[in-house]
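First comes the structure, then the notes that go with it.
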2 protein chains.
Amino acid sequence: MRVLIVEDEMELADTVALGLRREGMAVDVAYDGVSGEEHLEANAYDVLVLDRDLPGVSGDEICKSLASGGSPVRILILTASTGIEEKVAGLGLGADDYLGKPFAFIELVARIRALARRLEARVGPKLIVDDVTLDPATHQVHRAGRPIDLTRKEFAVLEYLLLASGSVVSSEELLEHVWDDSADPFSGVVRVVMSRLRQKLGPPSVIQTLSGVGYRIADDR
Amino acid sequence: MRVLIVEDEMELADTVALGLRREGMAVDVAYDGVSGEEHLEANAYDVLVLDRDLPGVSGDEICKSLASGGSPVRILILTASTGIEEKVAGLGLGADDYLGKPFAFIELVARIRALARRLEARVGPKLIVDDVTLDPATHQVHRAGRPIDLTRKEFAVLEYLLLASGSVVSSEELLEHVWDDSADPFSGVVRVVMSRLRQKLGPPSVIQTLSGVGYRIADDR
DNA sequence: ATCGCTTGTTGCAGGGATGTTACAAGGCCC
DNA sequence: GGGCCTTGTAACATCCCTGCAACAAGCGAT
């Protein structure tokens, strides 16, 4: 886990950094806002521990620009002022959590951990082939990191193909396992779903056709 | 958040249940250990509030069997005996927290919240996605800085969606976690609440529907 | 190259799933 | 007890998923 601390009280910053490193985190420190922004541009941090009262570029500004820029960094604001209205204001700026000084070190660690955990999406056991991932639990499919919305049938077909892990699946087999009894073996439903699936997944093609045999997931390349 | 109370003092159980419902939780009650175990088997609870001194199946036994069964339920034990050694013993059984009677209701709520938070890897006072912020502590929701008035159910549904952090949540899952036993799985309550939520949140739409699959928070950007 | 078969694509209609609204029951506060 | 708010039910409207059918395109064999 990569953490950046932006805090002008050097002693406090160093102490916290030391403690976090002891917890196994990779920690960088910046003692002012400008330096902080440089670090943020240069590296991909998971969590930013940000003092609100900074000389130069204020914590608020950093916070706002990160939030408006769509940065995935989770922000934890540190501040001397513990008033509730301060708290609300800070969160309104796009921060994810708020901690008033003085704080217990354990609490800081716990909150950083929790923020990092929140960063990871809820993950189940996934099916992954190439750049395609399919999560049966949350019904989500990604291609090269981009989410793809599939209908139930499309999802079921893709799942079956992925489970076959590269071996060839015939139309009859798909009808047997993905459709119910009422499916007409003579209709071209499978062809239709395949077409729609391929359109949604986009190029390069993931599903190969073996004429006269069936379909399979392309696992070479 | 789904809570089960197992407590043989019916008056106390009902009072607590009422109070927790007022806090927006979905609460079921069992007045003895056997009934409690049945409930635990039938539903997916987030937190179990368990009286240690039960007739029939004791709280200790329930606690032990849950812990050994690897259940994800968080257990808060209630008891008349407040001695420290009792406390330690209770925690040794696999409980997550311990509260001696009599207790302040506020404290119970706070501890239940804390347990659920641990369970859901949630931290800090707010959940934030895009320009929507939700504060579990104060029951406040803001959209683009403007406060939005939600009912308990609406709040609970939105909270659940936000906690899923972009994952698809089915109606069944919502019924399971946000409503209690009395909910009719066949009714369209979820649809109605969604409609009211979307109206109150206003455009641009925050909640997406995947037909045949479920709902999710829009996490574009 | 042509024929025959298999596969891909697209428009369309039926039906199930979802959205919306009005209304009633119940709880809560005064 | 009265009035307000919340919650769930029911009815209706709307959306879109699904499968069918018709046609286009690909492939292999002669």
Side-chain angles (χ1 to χ4, degrees), chain A residues 139 141 148-158 160-161 168-176 178-203 205-216 218, chain B residues 14-15 17-27 139 141 148-161 168-175 178-216 218:
Chain A
H139 228 275
V141 175
I148 295 177
D149 292 341
L150 297 182
T151 69
R152 276 180 299 185
K153 270 279 137 62
E154 290 159 3
F155 186 90
V157 168
L158 181 60
Y160 195 86
L161 285 177
V168 186
V169 178
S170 69
S171 293
E172 293 73 26
E173 192 179 345
L174 279 170
L175 279 173
E176 181 82 10
V178 175
W179 275 262
D180 58 23
D181 284 342
S182 63
D184 176 8
F186 266 127
S187 89
V189 207
V190 177
R191 299 206 308 266
V192 175
V193 174
M194 282 299 168
S195 172
R196 296 203 259 249
L197 244 184
R198 291 201 249 232
Q199 280 178 23
K200 288 191 179 178
L201 289 173
S205 81
V206 179
I207 302 171
Q208 292 181 343
T209 304
L210 297 177
S211 194
V213 186
Y215 303 90
R216 77 168 171 208
Chain B
D14 292 341
T15 308
L18 183 63
L20 292 182
R21 289 200 186 100
R22 231 176 259 167
E23 293 290 326
M25 305 179 188
V27 185
H139 269 228
V141 174
I148 293 177
D149 225 30
L150 296 183
T151 69
R152 289 187 291 269
K153 269 278 145 32
E154 289 159 3
F155 185 90
V157 168
L158 181 60
E159 181 181 26
Y160 196 87
L161 286 177
V168 185
V169 178
S170 69
S171 295
E172 293 73 27
E173 192 179 343
L174 280 170
L175 280 172
V178 175
W179 275 263
D180 58 26
D181 274 347
S182 59
D184 176 9
F186 191 62
S187 91
V189 206
V190 177
R191 298 207 308 268
V192 175
V193 173
M194 283 297 168
S195 174
R196 295 203 259 249
L197 246 183
R198 290 201 250 232
Q199 280 178 21
K200 289 190 179 179
L201 289 172
S205 80
V206 179
I207 302 171
Q208 293 181 341
T209 303
L210 294 169
S211 190
V213 185
Y215 301 89
R216 75 166 171 217

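Please read these numbers as outputs of a predicted model, since none were measured by experiment. Here is the naming used below: chain letters follow the sequence lines, and residue numbers restart at 1 for every chain. Both backbone and side-chain heavy atoms feed into the values below; hydrogens, waters and symmetry mates do not.
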Legend entry - Estimated bend of the helix from dA1(C)-dT30(D) to dC30(C)-dG1(D) (axis per five terminal pairs, rounded to 10 degrees): 40°
Legend entry - Nearest-angstrom distance from the residue atom CG of Leu150(B) to P of dT7(D): 10 Å
Inset, instruction - For residues Val157(B) and Arg196(B), determine if any side-chain heavy atom of one lies less than 4.5 Å from a side-chain heavy atom of the other. - result: no
Legend entry - Integer-rounded Å distance: dG19(D) P and Leu174(A) CG: 12 Å
Legend entry - Contact boundaries on DNA chain C for chain B, cut-off under 4.0 Å to non-hydrogen atoms: dA17(C) to dC28(C)
Inset, instruction - Looking at every strand, decide which applies to Leu18(B) at a 4.0 Å heavy-atom threshold: base, sugar-phosphate, or nothing. - result: sugar-phosphate
Legend entry - Distance in Å, Leu175(A) CG paired with Glu172(A) CD, rounded so as to fall on 0.5 Å steps: 7.0 Å
Legend entry - Side chains of Phe155(A) and Leu210(B) in contact at under 4.5 Å (non-hydrogen atoms): no
Inset, instruction - To the nearest 0.5 angstrom, please state how far the CD atom of Glu154(B) sits from the NZ atom of Lys200(B). - result: 3.5 Å
Inset, instruction - Check whether any side-chain heavy atom of Leu161(A) lies under 4.5 Å from a side-chain heavy atom of Met194(A), and answer yes or no. - result: yes
Legend entry - Gap between atoms CG and C1', on Leu197(A) and dT18(D) respectively (whole Å): 14 Å
Inset, instruction - To the nearest 0.5 angstrom, please state how far the CZ atom of Arg152(B) sits from the CD atom of Glu23(B). - result: 9.0 Å
Legend entry - Toward the 5' end of DNA chain D, by each residue's nearest nucleotide, Glu154(B) or Glu154(A): Glu154(B)
Inset, instruction - Of all the heavy-atom pairs spanning Gly24(B) and Ala156(B), show the shortest one and how long it is. - result: O-CB, 4.0 Å
Inset, instruction - Give me the one residue out of Leu197(B), Val190(B), Val168(B) that meets side chain to side chain contact (heavy atoms under 4.5 Å, CB included) with Tyr215(B). - result: Val190(B)
Inset, instruction - State the CG-CD1 distance between Leu158(B) and Ile148(B), to the nearest 0.5 angstrom. - result: 8.5 Å
Inset, instruction - Hey, could you give me the NE2/CG distance between His139(A) and Asp149(A), rounded to the nearest 0.5 Å? - result: 11.0 Å
Inset, instruction - Find which nucleotide of DNA chain C each of Gln199(B) and Arg22(B) is nearest to by heavy atoms, and output the residue with the more 5' nucleotide. - result: Gln199(B)
Interface polar pairs with nucleotides 9-17 of chain D, N/O, under 3.5 angstrom:
from	atom 1	to	atom 2	distance (Å)
dT9(D)	OP2	Ser187(B)	OG	2.8

Inset, instruction - Assign Tyr215(A) to base, sugar-phosphate, or nothing according to its heavy-atom contacts below 4.0 angstrom with the strands shown. - result: sugar-phosphate
Legend entry - Under-4.0 Å side-chain N/O to phosphate OP1/OP2 contact, Trp179(A) with dG19(D): yes
Legend entry - Closest non-hydrogen atom pair between Ala218(B) and Ser205(B), with its separation: CB-O, 4.3 Å
